[in-house]
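Here is the structure we will look at, set down as structure tokens.
Positions are given from 1, in the same order as the sequence printed here.
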Amino acid sequence: MSISSMTGFARESGEYNFEKTAFSWFWEIKSVNNKSIDVKLKMPGWLDSQLSLFCKNEAARNFARGSFGVYLDIRASNETPEVKINDELLQKLAAKAIELYDTFDGKLQKPSTTELLGLKGVVEVEDAALDEEETAALVRKLSESFSKACLKLKSDREAEGVKIRKALLDILDNIATIVARVEDIAKAQPERLKAKLQEQIAALLEPSNQISEERLAQEVALYVARADIQEEIDRLKAHIKTARDLLSSNEAVGRRLDFLCQELNREANTTCSKSGEIELTNLGMELKTLIEQFREQVQNIE
């Protein structure tokens with residue numbers, strides 16, 4: 001797979017007609033970033049047991065990471081709804097209505113057919129229920145439709161991934177530029193360090209200062225070790241190369257890039273801590289800002 005964002009949206013519609021009932025539906029899938037696969041489903045209860053496991057497995061088959069909100073809206077429009085009249089109830093109600101009318105000697109309104117038919121339980125309109133075979137056929141169609149929705153979501157996430165990849169490469173270019181400037185300063189640093197060290201040694205060797213040669217050697221070694229950042233520069237350059245290789249990979253690389261951000265930040269922190277010059281400190285802070293921008297973008301990669 002190419003670099004893919006974990007943010008995306010897809011909608012897929014469908015319909016299926018039976019002899020007495022026509023079904024229409026649409027799937028909606030929204031995805032955002034997450035450390036693993038998490039699928040939350042919202043659909044009619046009579047379909048939940050039939051489709052929930054399939055939807056979760058299908059999402060896991062198509063995606064490596066992300067939090068998915070899945071919604072199914074399905075409607076049935078019966079072409080020939082079945083109308084049933086409860087004749088026994090209707091007769092009882094009609095007899096009672098006539099009895100009351102006679103009892104009150106015409107003081108009540110005459111019972112009408114429309115009013116009697118409108119009473120609860122007299123007339124029932126039943127939707128054409130699906131048998132087991134028809135339900136299985138509908139579930140197959142819904143499953144196929146959901147798979148198409150997943151492919152649309154995958155395409156949407158990959159399109160967003162193209163934009164993120166470009167943004168990450170641009171940030172890496174800026175990081176590489178800063179590292180190159182840091183390296184230029186590091187290369188010119190030995191002469192400045194040498195002059196500064198000579199001044200400090202001369203001060204330490206003043207007749208009034210009591211210091212052993214062993215202590216002097218220790219101070220010199222510590223000073224040189226603290227000032228040398230070439231190792232950090234080499235690691236930063238190696239991490240930049242690794243990041244570019246990962247961004248050209250056909251695998252899901254979000255987690256590896258996230259770890260690489262930690263390593264880049266570690267080297268930037270060490271560079272800042274070893275800095276003895278304002279310019280180098282400023283570059284180190286700029287480097288940390290760029291790495292944080294890189295990390296924020298990486299959080300959206302699958």
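Evaluation of the side-chain hydrogen bond (donor to acceptor under 3.5 Å, both in side chains) rule for E292 yields R295 as partners, not counting sequence neighbours. Every residue two or more places apart in sequence or in another chain was checked for a side-chain hydrogen bond (donor to acceptor under 3.5 Å, both in side chains) with R65, and none qualifies. Scored by the salt bridge (charged side-chain N to carboxylate O under 4.0 Å, His left out) test, D234 finds no partners at all (sequence neighbours excluded). In terms of the salt bridge (charged side-chain N to carboxylate O under 4.0 Å, His left out) criterion, R255 has no residue partners (sequence neighbours excluded). Every residue meeting the ring-ring contact (aromatic ring centres under 6.0 Å, His included) condition with Y16, not counting sequence neighbours, appears here in chain and number order: F18.
Legend: ring-ring contact (aromatic ring centres under 6.0 Å, His included) pairs involving residues 229-274, not counting sequence neighbours: none detected. For the salt bridge (charged side-chain N to carboxylate O under 4.0 Å, His left out) condition, the pairs that include at least one residue of residues 257-266, sequence neighbours left out, are E263-R266. Sorted by first then second residue, the salt bridge (charged side-chain N to carboxylate O under 4.0 Å, His left out) pairs that include residues 23-32, not counting sequence neighbours, are R11-E28. Screening residues 280-302 for ring-ring contact (aromatic ring centres under 6.0 Å, His included) gives no qualifying pairs among residues at least two apart or on separate chains.
Within the hydrophobic cluster formed by Ile, Leu, Val, Met, Phe, Trp and Tyr side chains joined at under 4.5 Å, directly or through other members, F26 is accompanied by Y71.
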Which atom pairs, one a donor and one an acceptor, fall under 3.5 Å between side chains of residues 137-148 and the rest of the protein, sequence neighbours left out?
from, atom 1, to, atom 2, distance (Å)
S143, OG, V139, O, 2.8
S145, OG, W25, NE1, 3.1
S147, OG, E58, OE2, 2.9
S147, OG, S143, O, 3.2

For residues 164-175, tabulate all N or O donor-acceptor pairs below 3.5 Å that involve a side-chain atom, not counting sequence neighbours.
from, atom 1, to, atom 2, distance (Å)
R165, NE, L247, O, 2.7
K166, NZ, D170, OD2, 3.2
D173, OD1, R244, NH2, 2.7
N174, ND2, D170, O, 3.4

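Ion pairing of D156 with K154 is absent here, as no side-chain N (NZ or NE/NH1/NH2) approaches a carboxylate O to less than 4.0 Å.
Around the CD atom of E15, the shell of radius 6.0 Å holds no more than 12 heavy atoms that belong to other residues, nucleotides or ligands.
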